[in-house]
Chemist: 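Before anything else, here's the structure in question.
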Amino acid sequence: MSQVKQQRVIVMTGATGGFGAKAARLIAEQPDTRVIVGARDVSRVPGNIEALPLDLASLASVREFVIRLTEQLAERPIDILILNAGTHLAKNDRRSADGFELTFAVNHLAHYLLARSLLPHLAEGGRLLITTSDTHDPAVTGMAPRSLDPQQLAHPTTSGFGTGVKAYASSKLCNLMTAQTLARHPEILSRGISVIAFSPGLTSGSAGRDSSVLLRGFIQMLMQTVFRVLGLFRPAYVANPPERSGASLANFALGNANMPLGHIYVALVKGKPTFPEPSELARSQSAQQQLWRDSAAMVGIDYEA
């Protein structure tokens, strides 16, 4: 048997910046480990990590990535799939190549399609991680969604100040709901695959990538001042360094940190893993089923598969 076939295979998105890059480097340093990253800019991927082109704003690019990845693996299963990439914009007025609101398309639809497409290629007893956020929960932030309308998220009819934050929180709600639906999937259960929804907590770089320099500076000032004060009373507002969030993501991905029985959601608070219940809306199985069904239609795959 060749050395490549003996290696543990990890496939990851969101590995070129922030805490995701820290996690990818830690994972790639492990012995007998092969890391393959999907990235829009493959030049940003370190030399000891394999890279394939992937533009999450295009469903065609997602499908092409799946084809290239499976060809490159040559029937070698994926031991760990980490769906970590995400975008956070100032407003909800940008659209993906397929006409969907960009945050919803990148953060949710692309990863939904990746999870569905790569599920048959996951190893027995493998692990699937999806990065979510505690911003999905109204108990944490007032901008969290209190209802779910996938069609409205995909094609919003209003825009303006604050819509980017709401779109981000809603997309992270979708990530968490998708993880919970996957955890009940018959194939996941029969093959012993673990599903984890990982929230890194508040991290730096929270301003939208399309924000002005002034707005990004204002957000950084808030994190250094107001959020520090809020953190004295609300631990969720204490920012986690990228190194801490990245190390935690790597630990859960590699199985060095364990989930309590019956939990799939972990949220970092003050740099430490906590295992809260998702929001009431996130736990709604009827809402989860609606999201699964609508998402399948949007990406053009079978709802039941």
Side-chain angles (χ1 to χ4, degrees), residues 18-19 84-95 100-109 111 130-180 197-212 214-240 245 265-270 274 276-284 287-288 290-291:
F19 72 91
N84 176 65
T87 189
H88 189 171
L89 305 174
K91 294 189 290 186
N92 67 349
D93 55 355
R94 296 182 61 182
R95 298 295 178 264
F100 301 113
E101 192 279 320
L102 189 58
T103 302
F104 179 76
V106 169
N107 294 4
H108 169 60
L109 285 180
H111 285 120
I130 302 178
T131 296
T132 181
S133 170
D134 55 12
T135 60
H136 85 276
D137 192 346
V140 175
T141 173
M143 301 294 277
R146 290 171 170 78
S147 62
L148 179 73
D149 183 347
Q151 296 297 334
Q152 180 64 24
L153 293 178
H155 307 287
T157 54
T158 59
S159 187
F161 181 77
T163 56
V165 175
K166 292 180 179 178
Y168 177 80
S170 294
S171 73
K172 294 289 113 179
L173 169 68
C174 293
N175 291 148
L176 180 51
M177 296 174 82
T178 298
Q180 291 176 96
F198 175 82
S199 169
L202 182 65
T203 58
S204 59
S206 297
R209 72 182 185 189
D210 60 339
S211 303
S212 66
L214 182 61
L215 179 56
R216 289 197 296 269
F218 177 67
I219 294 293
Q220 291 300 316
M221 182 273 291
L222 285 178
M223 294 184 69
Q224 294 297 323
T225 56
V226 177
F227 283 9
R228 282 191 174 183
V229 175
L230 286 174
L232 298 174
F233 309 96
R234 301 287 299 275
Y237 284 88
V238 177
N240 297 312
S245 297
Y265 176 48
V266 54
L268 289 194
V269 177
K270 290 187 174 181
T274 65
E277 286 292 328
S279 71
E280 182 178 358
L281 176 57
R283 299 195 307 272
S284 168
Q288 292 169 19
Q290 178 188 6
L291 176 66

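In this chain, residues are counted from 1 in sequence order.
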Chemist: Write down the atom of Gln180, the atom of Arg283, and the distance for their closest heavy-atom approach.
Modeler: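 Result for this residue pair: OE1-CA, 4.0 Å.
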Chemist: Only pairs under 3.5 Å count here: list side-chain donor-acceptor contacts from residues 166-174, not counting sequence neighbours, and write none if there are none.
Modeler:
residue : atom : partner : partner atom : Å
Ser170  : OG   : Lys166  : O            : 3.0
Ser171  : OG   : Asn107  : ND2          : 3.0
Ser171  : OG   : Tyr168  : O            : 2.7
Lys172  : NZ   : Thr131  : O            : 3.0
Lys172  : NZ   : Asn175  : OD1          : 2.9

Chemist: Would you indicate whether the side-chain heavy atoms of Phe100 and Arg95 approach each other to under 4.5 Å?
Modeler: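 With C-beta onward as the side chain, the pair stays apart.
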Chemist: Side chains of Thr178 and His111: closer than 4.5 Å at any heavy-atom pair?
Modeler: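 Side chain of Thr178 against side chain of His111, heavy atoms only: no contact under 4.5 Å found.
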Chemist: Backbone N or O of Pro276 within a donor-acceptor pair of the Thr274 side chain at under 3.5 Å?
Modeler: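 Side chain of Thr274 to backbone of Pro276: no pair is present.
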Chemist: Only one of Leu102, Thr103, Val106, Thr87 clears side chain to side chain contact (heavy atoms under 4.5 Å, CB included) with Arg94; which?
Modeler: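 In the set Leu102, Thr103, Val106, Thr87, the residue that makes a side chain to side chain contact (heavy atoms under 4.5 Å, CB included) with Arg94 is Leu102.
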Chemist: Apply side chain to side chain contact (heavy atoms under 4.5 Å, CB included) to residues Gln152 and Thr157 and explain how you reach the verdict.
Modeler: CA-CA 7 Å; Gln152 180 64 24; Thr157 54; 3.2 Å; yes
Chemist: Provide the closest heavy-atom pair for Ser284 versus Met177 in the form atom of the first, atom of the second, distance.
Modeler: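 Smallest interatomic distance, heavy atoms only, reads O-CE, 4.2 Å.
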Chemist: How close do Met143 and Gly162 get, heavy atom to heavy atom, and via which atoms?
Modeler: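 Closest approach of Met143 to Gly162: CE-O, 3.7 Å.
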Chemist: Do the non-hydrogen side-chain atoms of Leu153 and Glu101 ever get within less than 4.5 Å of each other?
Modeler: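 Counting from C-beta outward, Leu153 and Glu101 never come under 4.5 Å.
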Chemist: So, do His88 and Val165 sit near enough that their side-chain heavy atoms are less than 4.5 Å apart?
Modeler: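 Of all side-chain heavy-atom pairs linking Val165 with His88, at least one is under 4.5 Å.
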Chemist: Checking Thr163 side chain against Asn92 main chain: does a donor-acceptor pair fall under 3.5 Å?
Modeler: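 Side chain of Thr163 to backbone of Asn92: a pair is present.
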Chemist: Distance check, rounded to the nearest 0.5 Å: Glu280 atom CD versus Asp137 atom CG?
Modeler: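 If I round to the nearest 0.5 Å, the distance is 10.5 Å.
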Chemist: Can you confirm whether Phe19 sits close enough to Asn84 that some side-chain heavy atom of one is under 4.5 Å from a side-chain heavy atom of the other?
Modeler: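 Yes, close enough: below the 4.5 Å cut-off.
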Chemist: Rounded to the nearest 0.5 Å, how far does CD of Gln151 lie from CZ of Phe104?
Modeler: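 Answer for the CZ-CD pair, Phe104 versus Gln151, is 8.0 Å.
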Chemist: Can you name the closest pair of heavy atoms from Ser245 and Phe198 and give their distance?
Modeler: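 That closest heavy-atom pairing would be O-CZ, 3.7 Å.
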Chemist: Please give me the minimum heavy-atom distance between Ser279 and His136, naming the atom from each residue.
Modeler: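 Heavy atoms of Ser279 and His136 come nearest at N-NE2, 3.1 Å.
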Chemist: Write down the atom of Gly160, the atom of Lys91, and the distance for their closest heavy-atom approach.
Modeler: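 Of all heavy-atom pairs spanning Gly160 and Lys91, the closest is O-CG, 3.6 Å.
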Chemist: Restricting to side chain to side chain contact (heavy atoms under 4.5 Å, CB included), what partner residues turn up for Ser199, sequence neighbours left out?
Modeler: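 Ser199 satisfies side chain to side chain contact (heavy atoms under 4.5 Å, CB included) with Thr132, Asp134, Tyr265, Ala267 only.
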